[in-house]
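What you see below is based on every heavy atom in this structure, not just the backbone, and it leaves out hydrogens, waters and symmetry mates.
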Amino acid sequence: MRFVDRALAYRLESTDAHSCVEFARAYSSLFPESGATAAPFAGGWAIYAGVDSPITQTFATGLAGPVEEDEVARMEEFFHSRGTAVNVELCPYADVSLVEIFRKRGYTLLEFSNVLARKLTADDAHVKIAGEVHVRRPEPHEAEIWAETVAR
């Protein structure tokens with residue numbers, strides 16, 4: 001059995017953060033008027049990709065060690081200056097200093113998200129598949145069903 005520690009949690013959270021940072025950069029280059037951007041805060045990242053975007057939030061915050069209250073104030077300004085709420089995806093391994101700052105500032109817990117992980121073995125490279133698998137781009141007439149499948 002593999003136990004998760006802060007270092008592994010940080011690796012997993014940083015992977016999520018990195019993809020969102022890159023999305024914000026790409027989105028901003030395609031749609032400069034969107035204001036999409038990302039900035040480092042408290043050992044993690046704050047992402048803005050639009051007021052209603054599901055990635056407009058923080059990732060990996062507080063996993064690099066203690067956090068100062070002024071860093072949280074700067075993070076809040078990052079979101080408020082763009083007209084959006086401060087949404088934080090906080091890992092249970094985040095430094096307790098950040099949890100305390102959020103408590104003092106009146107933050108409310110909305111949900112828990114869990115990531116399951118397991119160590120891959122040599123046997124994982126030899127998965128039996130019943131039949132052939134073909135990977136290809138969807139045809140134009142398949143775009144709607146492809147988008148629905150990905151969304152689900």
Side-chain angles (χ1 to χ4, degrees), residues 1-127 129 133 135 137-138 143 146-152:
M1 179 182 287
R2 181 174 187 158
F3 291 97
V4 176
D5 59 8
R6 184 181 282 179
L8 180 57
Y10 189 69
R11 284 179 56 204
L12 294 170
E13 292 283 328
S14 293
T15 299
D16 209 12
H18 178 75
S19 65
C20 292
V21 167
E22 291 305 313
F23 173 85
R25 288 181 180 152
Y27 194 71
S28 177
S29 70
L30 292 171
F31 305 100
E33 71 282 0
S34 71
T37 189
F41 288 99
W45 287 87
I47 315 295
Y48 176 80
V51 173
D52 296 323
S53 173
I55 67 167
T56 294
Q57 61 177 306
T58 69
F59 296 88
T61 310
L63 289 171
V67 177
E68 300 292 327
E69 193 157 353
D70 66 329
E71 185 73 353
V72 173
R74 284 188 337 98
M75 183 182 71
E76 290 171 336
E77 177 57 23
F78 173 89
F79 290 109
H80 292 157
S81 69
R82 290 166 174 81
T84 190
V86 180
N87 292 308
V88 177
E89 187 168 291
L90 190 63
C91 176
Y93 287 94
D95 193 86
V96 70
S97 62
L98 183 57
V99 175
E100 181 60 21
I101 292 167
F102 285 150
R103 187 195 62 76
K104 286 188 339 191
R105 293 174 88 86
Y107 281 70
T108 302
L109 176 65
L110 297 178
E111 68 183 39
F112 286 101
S113 297
N114 293 294
V115 175
L116 302 177
R118 76 176 177 90
K119 189 172 186 168
L120 297 177
T121 68
D123 292 338
D124 293 315
H126 306 287
V127 176
I129 298 174
V133 175
V135 178
R137 291 183 184 266
W146 177 85
E148 184 180 322
T149 302
V150 170
R152 285 185 184 182

Between CG on residue Leu90 and OG1 on residue Thr58, distance to nearest 0.5 Å: 7.0 Å
If I take atom CG from residue Leu98 and atom OH from residue Tyr107, how far apart are they, to the nearest 0.5 angstrom? 9.0 Å
Is Asp124 atom CG crowded by more than 12 heavy atoms from other residues, nucleotides or ligands, each under 6.0 Å away? yes
Does a donor on one side chain and an acceptor on the other come within less than 3.5 Å for Ser97 and Asp95? yes
Report yes if the side chains of Ile101 and Glu68 come closer than 4.5 Å at any heavy-atom pair, otherwise no. no
Could you tell me whether the side chain of Ile47 reaches within less than 4.5 Å of the side chain of Gln57, counting heavy atoms only? no
For the CD atom on Glu100, are there more than 12 heavy atoms of other groups (residues, nucleotides or ligands in this structure) within a distance under 6.0 Å? yes
Is the shortest side-chain heavy-atom distance between Phe102 and Val88 below 4.5 Å? yes
If every non-hydrogen atom of Cys20 is compared with every non-hydrogen atom of Phe59, which pair is closest and at what distance? SG-CZ, 3.6 Å
From Tyr48 OH over to Thr37 OG1, what is the distance, rounded to the nearest 0.5 angstrom? 10.5 Å
Is it true that a side-chain atom of Ser29 and a backbone atom of Ala26 form a donor plus acceptor pair closer than 3.5 Å? yes
For the residue pair Phe31 and Tyr27, does the interplanar ring angle fall in the parallel (under 30°), tilted (30 to 60°) or perpendicular (over 60°) class? tilted
Which atom pair, heavy atoms only, marks the closest approach of Ser34 to Ser28? OG-CA, 4.2 Å
If you look at every heavy atom in Glu71 and Pro40, which pair is closest and at what distance? OE2-O, 4.3 Å
Heavy-atom count around His80 NE2 within 6.0 Å, excluding the residue itself: above 12? yes
Which atom pair, heavy atoms only, marks the closest approach of Phe79 to Ala46? CZ-CB, 3.7 Å
Less than 4.0 angstrom from a charged side-chain N to a carboxylate O is my criterion; do Glu77 and Arg74 meet it? no
Centre of Phe78's six-membered ring, under 6.0 Å away, within 45 degrees of the axis: is that where NZ or CZ of Arg82 sits? yes
From Ile55 CD1 over to Glu89 CD, what is the distance, rounded to the nearest 0.5 angstrom? 11.5 Å
Would you give the length of the straight line joining atom OH of Tyr93 to atom CG of Leu63, rounded to the nearest 0.5 angstrom? 10.5 Å
Looking only at atom types and distance, does a side-chain atom of Tyr10 sit under 3.5 Å from a main-chain N or O of Gly43, one as donor and one as acceptor? yes
To check you understand the geometry: which heavy-atom pair defines the closest contact between Thr61 and Ala42, and what is its length? CG2-CB, 3.6 Å
Calculate, to the nearest 0.5 Å, the distance between atoms CD and CD belonging to Glu76 and Glu69 respectively. 8.5 Å
